[in-house]
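Order of the sequence lines sets the chain letters (A, B, ...), proteins ahead of strands, with each chain counted from 1.
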Amino acid sequence: MNIAIKKIWSTLQLVPTGKVVSYGQLADLAGLPRRHRLAARALKIAPTEMALPWHRVLATSGQISIAKESDNYRKQMELLRNEGVEVINGRVDMKRFRWQPDLAELLWTLQH
DNA sequence: TTGCTGACTGCCT
DNA sequence: CAGGCAGCCAGCA
């Protein structure tokens, strides 16, 4: 499996409960600027048994980026609400819920 | 190699 | 706020 995909997955594990990131932000944090579409692909092909917090990734607009009719769409909304993230009309207020780690937090997280 | 597609973005109407 | 669209970059036929 592609090393870039693995970076996306491992970076996603750092996103704390109750916070969200955009695809582009996730790629940036993984050290892969301009690879937001790769981040999307990484989530799509991620094995279920990895138990990644895939639901904490949204479009930069705050919209859920899955087909509204799909089971996963409903599941993502449910998972987010379960951890305190407000979802209104399929959209999250990114100003309030975006994960914005500062350098100290990132370093701490990477050590544990 | 070429062309098309997509769980994306930013810009412009 | 909703579309439309070009740019983007892997994966796949």
Nearest-angstrom distance from the residue atom [atom1] of [X] to [atom2] of [N]:
X: A:L38; N: C:dA10; atom1: CG; atom2: P; result: 7 Å
X: A:R41; N: B:dC4; atom1: CZ; atom2: P; result: 19 Å
X: A:E69; N: B:dA7; atom1: CD; atom2: P; result: 12 Å
X: A:K44; N: B:dA7; atom1: NZ; atom2: P; result: 4 Å
X: A:K75; N: B:dA7; atom1: NZ; atom2: P; result: 18 Å
X: A:Q63; N: B:dA7; atom1: CD; atom2: P; result: 15 Å
X: A:I8; N: B:dC8; atom1: CD1; atom2: C1'; result: 12 Å
X: A:I64; N: B:dA7; atom1: CD1; atom2: P; result: 15 Å

(request) Just compare C:dC9, B:dG10, B:dA7 and give me whichever is closest to any side-chain atom of A:I66. (result) B:dA7
(request) Using atom types as modelled and distance alone, determine if a side-chain donor or acceptor of A:N72 lies under 3.5 Å from a backbone N or O of A:K75. (result) no
(message) Within the 4.0 Å heavy-atom criterion, would you say A:S70 contacts the bases, only the backbone, or no part of the nucleic acid?
(response) nothing
(request) Specify the residue among A:H36 and A:R91 whose closest nucleotide of DNA chain C lies further upstream toward the 5′ end. (result) A:R91
(message) So, under a plain 3.5 Å distance rule, would you say the side chain of A:Y23 forms a donor-acceptor pair with the base of B:dA7?
(response) yes
(request) May I ask you to verify whether the side chain of A:R37 and the base of C:dC9 hold a donor-acceptor pair under 3.5 Å? (result) no
(request) Using a cut-off of strictly less than 4.0 Å, decide whether A:R34 has a side-chain nitrogen or oxygen near OP1 or OP2 of C:dC9. (result) yes
(request) Look at the side-chain N and O atoms of A:N89 and state whether any lies under 4.0 Å from the OP1 or OP2 oxygen of C:dC1. (result) no
(message) A side-chain contact here means heavy atoms from C-beta on lying under 4.5 Å apart; do A:E86 and A:F97 qualify?
(response) yes
(message) I want to check something: taking the side chain as every heavy atom from C-beta on, are A:S22 and A:L58 in contact at a cut-off of under 4.5 Å?
(response) no
(request) Searching all strands shown, indicate the nucleotide that pairs with B:dT9 (Watson-Crick or G-U wobble; both distances under 3.5 Å). (result) C:dA6
(message) Does either side chain, that of A:H36 or that of A:Q25, offer a donor lying less than 3.5 Å from an acceptor on the other one?
(response) no
(request) Grab the two heavy atoms, one from A:L38 and one from A:I5, that are nearest each other, plus how far apart they are. (result) CD1-CD1, 3.6 Å
